[in-house]
Amino acid sequence: MSFEGDRILPLDAVEALMGLGLTSCQAKVYLTLCHFGVADAKTVSHYAGVPRQDFYRIVSALEELGLVEQIISRPFTFKAIPIDRGTSLLLERRKLETERLEKKINDILENFEINNNRVLQLGEPMFVLISGK
């Protein structure tokens, strides 16, 4: 398992989460929160290697995905859902997206097949220009 510099993040874990649809920064923040359990913005941004000004935008996106919860305290702290549940959630989203894309592709292919058959049935004369020396 390889780690990024002095950070606590295994590179293969970051890459795996990116494969499930997270950005690099989202993956780093999520994994850092999983490591600490509960942490504040300063701690997470430091260990994740994410600029503090970007942290709140990133954590907001993770909250929308259902991976992170904000704890009302002083200072605000954040908690990640357990990594097994988080990865299952991301994997399920990825499967649904793949199914949706497969349906779109099949519709496109079917539409092209219908159009190609229509052109062939019309028997329109075709010219093919071949350029060469």
Side-chain angles (χ1 to χ4, degrees):
M1 189 178 289
S2 57
F3 290 83
E4 184 176 315
D6 65 342
R7 308 282 184 226
I8 57 171
L9 304 175
L11 290 177
D12 52 347
V14 172
E15 290 173 2
L17 290 178
M18 288 173 65
L20 291 175
L22 296 184
T23 66
S24 174
C25 291
Q26 288 171 340
K28 290 174 183 179
V29 167
Y30 178 65
L31 289 169
T32 301
L33 279 168
C34 285
H35 176 79
F36 284 108
V38 175
D40 62 10
K42 181 180 179 182
T43 302
V44 176
S45 62
H46 171 74
Y47 285 100
V50 172
R52 183 114 175 246
Q53 63 268 22
D54 294 338
F55 172 80
Y56 291 99
R57 177 184 45 80
I58 294 164
V59 82
S60 177
L62 292 172
E63 284 179 290
E64 287 180 24
L65 291 171
L67 297 174
V68 172
E69 301 168 346
Q70 183 176 359
I71 299 171
I72 307 299
S73 61
R74 194 168 180 107
F76 285 117
T77 54
F78 302 88
K79 176 184 174 190
I81 66 169
I83 195 155
D84 59 335
R85 284 186 30 222
T87 53
S88 292
L89 179 68
L90 291 171
L91 192 55
E92 187 60 34
R93 287 176 195 251
R94 179 60 128 200
K95 285 178 185 177
L96 291 172
E97 179 66 15
T98 299
E99 289 171 6
R100 188 184 67 76
L101 287 172
E102 283 179 344
K103 183 179 178 340
K104 272 187 171 181
I105 293 298
N106 287 334
D107 290 346
I108 290 169
L109 292 174
E110 184 177 304
N111 189 28
F112 271 95
E113 189 174 302
I114 290 169
N115 287 339
N116 284 342
N117 288 338
R118 201 175 299 146
V119 169
L120 293 175
Q121 289 173 356
L122 293 175
E124 294 180 17
M126 293 188 187
F127 291 97
V128 178
L129 297 176
I130 301 174
S131 63
K133 295 183 180 177

Cluster companions of Val38 among Ile, Leu, Val, Met, Phe, Trp, Tyr (side-chain spacing under 4.5 Å) |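 Answer for Val38: Ile71.
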Tracing side-chain links under 4.5 Å among I, L, V, M, F, W and Y, which residues wind up in one group with Leu96?
->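 Answer for Leu96: none, a lone residue.
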Salt bridge (Lys or Arg N to Asp or Glu O under 4.0 Å): which pairs involve residues 82-99, sequence neighbours left out?
->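 Qualifying pairs: Glu97-Arg100.
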Roughly how far, to the nearest 0.5 Å, is the CG atom of Leu89 from the CD1 atom of Ile83?
->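 If I round to the nearest 0.5 Å, the distance is 12.5 Å.
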Gap separating the CD1 atom of Ile108 from the NZ atom of Lys103, nearest 0.5 angstrom |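 Between Ile108 CD1 and Lys103 NZ, I get 11.0 Å after rounding to 0.5 Å.
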Could you pull out all residues at least two apart from Asn106 that satisfy side-chain hydrogen bond (donor to acceptor under 3.5 Å, both in side chains)?
->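 For Asn106 there are no side-chain hydrogen bond (donor to acceptor under 3.5 Å, both in side chains) partners, ignoring immediate neighbours.
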Quick one: list whatever passes side-chain hydrogen bond (donor to acceptor under 3.5 Å, both in side chains) with Lys104, sequence neighbours left out.
->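 Lys104 satisfies side-chain hydrogen bond (donor to acceptor under 3.5 Å, both in side chains) with no other residue.
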If we only count heavy atoms from C-beta on, is the Thr43 to Thr32 side-chain gap below 4.5 Å?
->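 Side chain of Thr43 against side chain of Thr32, heavy atoms only: no contact under 4.5 Å found.
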Looking only at heavy atoms, which two atoms of [X] and [Y] are closest? And how far apart?
X     : Y     : result
Met18 : Ala27 : CG-CB, 4.5 Å
Tyr30 : Ala80 : CE1-CB, 3.7 Å
Ala39 : Val44 : CB-CG2, 3.6 Å
Ala41 : Arg52 : CB-NE, 4.0 Å

Side chains of residues 54-69: which donor-acceptor partners sit under 3.5 Å, not counting sequence neighbours?
none

